[in-house]
**Q** 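Questions regarding the structure given below will be posed in turn.
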Number of protein chains: 2
Amino acid sequence: MNIGEVAERSGLPPKTIRYYEDIGLVRPQRSGNGYRAFRESDLHKLAFLGRARALGFSIEDCRTLLDLYEDEGRESAQVKAIAEEHLAVIDDKIAQLQSMRGTLAHLVRSCHGDDRPDCPILSDLSGSGSRS
Amino acid sequence: MNIGEVAERSGLPPKTIRYYEDIGLVRPQRSGNGYRAFRESDLHKLAFLGRARALGFSIEDCRTLLDLYEDEGRESAQVKAIAEEHLAVIDDKIAQLQSMRGTLAHLVRSCHGDDRPDCPILSDLSGSGSRS
DNA sequence: CTTGAGCTTCCAGTTACTGGAAGCCCTATA
DNA sequence: TATAGGGCTTCCAGTAACTGGAAGCTCAAG
């Protein structure tokens, strides 16, 4: 398989696939003409990576997960630990975004948004300590 | 004021303040010894930036907001538009994270997490189409 | 006069790609 | 057979917003 087909079947752009090879996540063979020659197992790995990335795992987490996937003697506890840690990170991010969202939504609501210059959003940013 | 005091009073690290000067967000004067000499107005700007960044505004948004803040003839509608756009971005991010969170939490719950190798998390990532 | 903290600049690294340029390879068609 | 195109290759640079670290100047205290 050439990279184009793998890209289509895995849903990853060719650039990303080449990048994943650069950083050692996949090791496709090469044809005589220099083209990458992907096996089904490479495609499988790339699809795995695509799903893991879609769940927000970092590249390094993905590398570890892939290693565990290929390690018949793994302990599922190791996988679960990574997932739980990642879940905690996601929860932190959500909490932070919701906090921002709260403040920002309040400010947006309080701004009349017309042609006049006075603006509670800017007042707040400039430090008028009116925390409601 | 030297950078150390400004850092303390604004809550921004010195490195960040120098970076903000590099990209033209603040323009402190210089003392004879080459040290940056910040005025109160610079400190005020930096605090403004700190708050805007804490709300998740991009640096370019911050630049625009700062310009609007200093423009006496601004229309509050311009500010509100930026804030609303940013709010929409935040909402998208939250939605995406919550979607990840849902899938991931489900997977974590379904993994026994012991010394055995079988793991629903890896099964899912590897593409066993068991979407429950 | 020395010591140490604080300041300076500059370079490199972070994350995970993405865009673009220059150029080879392969196939189909005129 | 010549050529046009699309796909493939590598390499370099850029993204966002800093952060770490090195080398070296400045200043105040003892």
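These values consider heavy atoms only, across backbone and side chains, with no hydrogens, waters or symmetry-generated copies. In what follows, chains are A, B, ... by sequence order, proteins preceding strands, each numbered from 1.
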**Q** Can you tell me the distance, in whole Å, between the CD1 atom of B:I3 and the P atom of C:dG6?
**A** 13 Å
**Q** Which residue, A:P13 or A:Y35, contacts DNA chain C at a nucleotide closer to its 5' end, judged by nearest heavy atom?
**A** A:P13
**Q** Calculate the interatomic distance between B:R18 atom CZ and D:dG21 atom P; express it in whole Å.
**A** 14 Å
**Q** How many Å lie between CZ on A:R36 and P on D:dG7, as a whole number?
**A** 16 Å
**Q** In this structure, how many angstroms lie between the P atom of D:dG7 and the CZ atom of A:R30, rounded?
**A** 19 Å
**Q** Identify which nucleotide among C:dC7, D:dA17, C:dT8 has an atom closest to any side-chain atom of B:I59, counting heavy atoms from C-beta outward.
**A** D:dA17
**Q** Could you check B:K15 against B:G4 and say which one's nearest nucleotide on DNA chain C is further toward the 5' end?
**A** B:G4
**Q** Is the shortest side-chain N/O distance from A:Y20 to OP1 or OP2 of C:dA16 below 4.0 Å?
**A** no
**Q** Walk me through it: do A:D42 and A:K45 pass the test salt bridge (charged side-chain N to carboxylate O under 4.0 Å, His left out)?
**A** CA-CA 5 Å; A:D42 293 317; A:K45 266 195 192 183; 5.6 Å; no
**Q** Rounded to whole Å, please give me the gap between CD in A:E60 and C1' in C:dT15.
**A** 10 Å
**Q** Expressed as a whole number of angstroms, how long is the span from B:E21:CD to C:dC7:C1'?
**A** 13 Å
**Q** Look at the side-chain N and O atoms of A:S58 and state whether any lies under 4.0 Å from the OP1 or OP2 oxygen of C:dT15.
**A** no
**Q** OP1, OP2 of D:dT19 versus side-chain N and O of B:T16: anything below 4.0 Å?
**A** yes
**Q** Can you confirm whether more than 12 heavy atoms, excluding those of A:Q98, are under 6.0 Å from its CD atom?
**A** yes
**Q** Whole-Å distance between C:dA16 P and A:F57 CZ?
**A** 13 Å
**Q** Determine whether more than 12 heavy atoms belonging to other residues, nucleotides or ligands lie under 6.0 Å from atom CZ of A:R30.
**A** yes
**Q** Taking the basic N atoms (NZ, or NE/NH1/NH2) and the acidic carboxylate oxygens, is any pair closer than 4.0 Å for A:E60 and A:R63?
**A** yes
**Q** B:Y19 OH to D:dG20 P: how many Å, rounded?
**A** 15 Å
**Q** Of the candidate nucleotides D:dT9, C:dC25, D:dC18, which contains the atom at the shortest distance from the side chain of A:N33?
**A** C:dC25
**Q** Check the surroundings of atom CD in A:E70: do more than 12 heavy atoms from other residues, nucleotides or ligands lie under 6.0 Å from it?
**A** yes
